[in-house]
Amino acid sequence: MELLKTNVISRVEAALEAIGGDADLVKSLLQPAREADQGDLTLPCFPFAKALKKSPVSIAEELRAAMENHESIGDINAVNGYLNIRVNPVWLANHLLSVGVDNGMEKAKRSVLIEHTSANPNGPFHVGRARNAILGDTLVRLHRLWGNEVTAEYYVDDMGKQVAVLAWALNALSRDDVEALLEGREAPNPLWASKPDHQRVRWYQAAQLLRKESEQSPEIEKAIGALVHASENGDEAVLESFEAAYQPVLDGMLATLGRLGITYDRFTKESVFVTNGDVASLMDELGALAINGHAENGAQYLDLGERGLKGKTEFFYRRGDGSSLYATRDIAYHRWKWTQSNELINVLGEDHKLQAQQVGLTLEELGEPRPEVMFYSFIKLPEGKMSTRQGNVVFMDDLLEEAKAQAANVVSERRPEYDEESVATIAEAVGTSAVRFNIVNVSPEKGFTFRWEDALSFEAGSAPFVMYSHTRACSILRNVEQHLGANPQAPEFTIDANMPDGLIQLLRTLAVHDDCLEKVIREHRPHLFAEYILQLSNAYNGFYRDCHILDGDEVNGFYFAVSELARSTLNSGMEALGIQRLETM
RNA sequence: GGGCGUGUAGCACAGCUGGAUAAUGCACCGGCCUCCUAAGCCGGAGAUCGCGGGUUCGAAUCCUGCCGCGCCCGCCA
């Protein structure tokens, strides 16, 4: 609890000095107490034992006696060698209700460019890719909650083999060809018959099969290779045909993402950096570097071993035929990004770790900073890795549809009085929120296996739990407004020093909102904020249990003010996590 | 083989810039709707923190060795 710490640190330091200890250690040692029932802040006294030649237990006791009081301090105790400080709930309530949860903290607003998703537009958005989009979008929202200006950017891979395959297939294969080739595979879901991403992926999959199995494969490879080559040399006509092939697919993917509340401020096409000459001049610059090397066929690389890269140290950026590689274009893209913003964050799968390092080291070699990266592990199916190519996927469209259907079952079971339309609205909100939450809730670097029963969990520890607490708060607001009738002014109140546990617990939870958010922003770890919002919901439920805002004819103004603060904090936190905020459910 | 990551109750997952009794959810056992939405609340049971060494007053957390799992090690994207 930074709020309490800033208020009491000088007293702790003074007390320590008074008994002869090293006060410089307090800053790093004074920390949030793990045993929450003991206090909000704790100072372990073990490190002082040697210098003072006393036991930690007696040092803690002496400190407790030497501590000068402060209005923010509720009580102080010394247990097992720890000096524990508990916040004064009345002071805290006053502070939060006048200043708000951001503690009046000085925040330097930054401008941040976050690139995420950037999936190849060759088929419907599937769950394997979802972690990137959901983590990225959540990071964008969290930065906005903190007050930063954010540009969310999608880097469109509009050249290279994947798009070339799609473009070739749409041109060379008839619908009958495609269906004949894919015979025996699972039939497409008729629900998405009119969605172009679901249609066109059939051509892509058929082409991949042909490339692998057909006897005419060499010719196909040649045709596709020619397209790739042309695109990489900036052939406008080919690039246009590529765009015609992938754009409807991308639109379909974006429709799916939109259903999850994920949107982008800008789309930047990879090919731009080829056609505008940035890539060519970049390659010239790289060629002049001291660590540049030439292969026999004229290909060029940087030897990044000199810059600390381990393993294979040669990083190729130019092919023998003079064309660029994906990573080369990525470097050009990053140089451009640095002209757009002074803070860059990329969301990347763990398979990009090596390349991100190569790109980062090369940027440094060029005198540019390297971007920050949030890496995540892939979502796998119990049967193994997902792949559009092999048709071994769970499409996000299907997951969301299933989530909605299952949520609708729950809603109509619990609220038989709701009409069909309300059920559908609630089910959509619950379904999409639950899917998002179950993905942000786990730390990105942890491997993740997709299981339907987890993705569709609607109970405590999931999005609906949070949504439910929020609707309770909304319901209270409605009831109070109704009660106040023609006189809608918020009731005046005095803060009653006699506070139930649930109330104190809620205030303490509200007080650490910004501690958590600050850390989450600094370390790119959205799951910690998801956990915080869960705690806040839980604390609200405890408050709801202990504090009746409407008691007979009376509105308890103090409780109502706390409820409203919790409601708005939940509301903004849910927005940051992409959880829908329903007023009834 | 090398690099990076990961291993915590039956399952899932938090804690990892060292600090008290390892948090939470599911599943399991028991209790709570004449009272602001029970998608909730209260209580119980369940953990050799992968294994071995080391550093420390103190190790899930740091160091080291081993084992399992994942990703990467293309003039692909």
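Source: prediction; values computed, not measured. Order of the sequence lines fixes the chain letters, A, B, ..., with proteins taken first and strands second; residue numbering starts at 1 for each chain.
- A sub-4.0 Å separation between OP1 or OP2 of B:U37 and a side-chain N or O of A:N541 is absent.
- With rounding to the nearest 0.5 angstrom, the CG atom of A:N346 is 8.5 Å from the CZ atom of A:F375.
- Note on A:T584: a base of the nucleic acid sits closer than 4.0 angstrom, heavy atoms only.
- Within the nucleic acid shown, A:V442 comes within 4.0 Å of sugar-phosphate atoms alone, with no base atom in reach, counting heavy atoms only.
- For B:A59 and B:G52, the C1' atoms lie 15 Å apart once the distance is rounded to whole Å.
- Base contact: A:S475 has a heavy atom under 4.0 Å from a base atom.
- Across all strands shown, A:L83 has no heavy atoms under 4.0 Å from either base or sugar-phosphate atoms.
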Can you tabulate the close N/O pairs, meaning under 3.5 Å, that link protein atoms to atoms of nucleotides 8-11 of chain B?
none

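- Heavy atoms of A:C547 sit under 4.0 angstrom from at least one base atom.
- Note on A:R86 versus A:D75: salt bridge recorded, some NZ/NE/NH1/NH2 to OD/OE distance being below 4.0 Å.
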Give me the distances for all protein-to-nucleotides 74-77 of chain B N/O pairs that come in under 3.5 Å?
{"residue": "B:C75", "atom": "OP2", "partner": "A:K312", "partner atom": "NZ", "Å": "2.6"}
{"residue": "B:C75", "atom": "O2", "partner": "A:N297", "partner atom": "ND2", "Å": "3.4"}
{"residue": "B:C75", "atom": "O2", "partner": "A:G320", "partner atom": "N", "Å": "2.9"}
{"residue": "B:C75", "atom": "N3", "partner": "A:N297", "partner atom": "OD1", "Å": "2.8"}
{"residue": "B:C75", "atom": "N3", "partner": "A:N297", "partner atom": "ND2", "Å": "2.5"}
{"residue": "B:C75", "atom": "N4", "partner": "A:N297", "partner atom": "OD1", "Å": "2.8"}
{"residue": "B:C75", "atom": "N4", "partner": "A:N297", "partner atom": "ND2", "Å": "3.4"}
{"residue": "B:C76", "atom": "OP2", "partner": "A:R319", "partner atom": "NE", "Å": "2.6"}
{"residue": "B:C76", "atom": "OP2", "partner": "A:R319", "partner atom": "NH2", "Å": "3.0"}
{"residue": "B:C76", "atom": "O3'", "partner": "A:R319", "partner atom": "NH2", "Å": "3.3"}
{"residue": "B:A77", "atom": "OP1", "partner": "A:E232", "partner atom": "OE2", "Å": "2.5"}
{"residue": "B:A77", "atom": "OP1", "partner": "A:R319", "partner atom": "NH2", "Å": "2.7"}
{"residue": "B:A77", "atom": "OP1", "partner": "A:R329", "partner atom": "NH2", "Å": "3.4"}
{"residue": "B:A77", "atom": "OP2", "partner": "A:Y326", "partner atom": "N", "Å": "3.0"}
{"residue": "B:A77", "atom": "O3'", "partner": "A:D157", "partner atom": "OD1", "Å": "3.1"}
{"residue": "B:A77", "atom": "O3'", "partner": "A:D157", "partner atom": "OD2", "Å": "2.9"}
{"residue": "B:A77", "atom": "O2'", "partner": "A:D157", "partner atom": "OD2", "Å": "2.9"}
{"residue": "B:A77", "atom": "N6", "partner": "A:Q355", "partner atom": "OE1", "Å": "3.2"}

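- In this structure, A:Y317 reaches neither bases nor backbone, as no heavy-atom distance under 4.0 Å exists between it and the strands shown.
- Taking atom C1' on both B:G5 and B:A20, the two are 31 Å apart, rounded to the nearest angstrom.
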List the steps and the verdict of side chain to side chain contact (heavy atoms under 4.5 Å, CB included) for A:L517 and A:Y532. CA-CA 9 Å; A:L517 186 56; A:Y532 171 77; over 6 Å; no
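- A salt bridge does not link A:E481 to A:R478: none of the charged side-chain nitrogens sits closer than 4.0 Å to a carboxylate oxygen.
- Using a 4.0 Å heavy-atom cutoff across all strands shown, A:P47 reaches at least one base atom of the nucleic acid.
- Residue-level contact check: A:V411 touches the bases, meaning some heavy atom is under 4.0 Å from a base atom.
- With respect to the salt-bridge test (charged N to carboxylate O, under 4.0 angstrom), the residues A:R525 and A:E523 qualify.
- Atom OH in A:Y532 sits about 18 Å away from atom C1' in B:G15, given to the nearest Å.
- Here B:C33 is in the syn range [glycosidic angle within 90° of 0].
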Watson-Crick and G-U pairing of RNA chain B, under 3.5 Å, as dot-bracket with | and [ ]: (((((((..(((......[....))).(((((.......))))).....(((((..]....))))))))))))....
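- As judged by a 4.0 angstrom heavy-atom cut-off over every strand, A:F46 is placed among the base-contacting residues.
- Both the sub-6.0 Å distance and the 45° axial angle are not jointly satisfied by A:R131 relative to the ring of A:Y376.
- Residue A:I549 is classed as a base contact, given a heavy-atom separation below 4.0 Å to a base.
- At a threshold of 4.0 Å, the pair A:K353-A:E350 does not count as salt-bridged, since none of the basic side-chain nitrogens sits closer than that to a carboxylate oxygen.
- With both ends at atom C1', the span from B:G15 to B:G3 equals 27 Å, rounded to whole Å.
- Across all strands, A:N84 comes closer than 4.0 Å to base atoms (heavy-atom distances).
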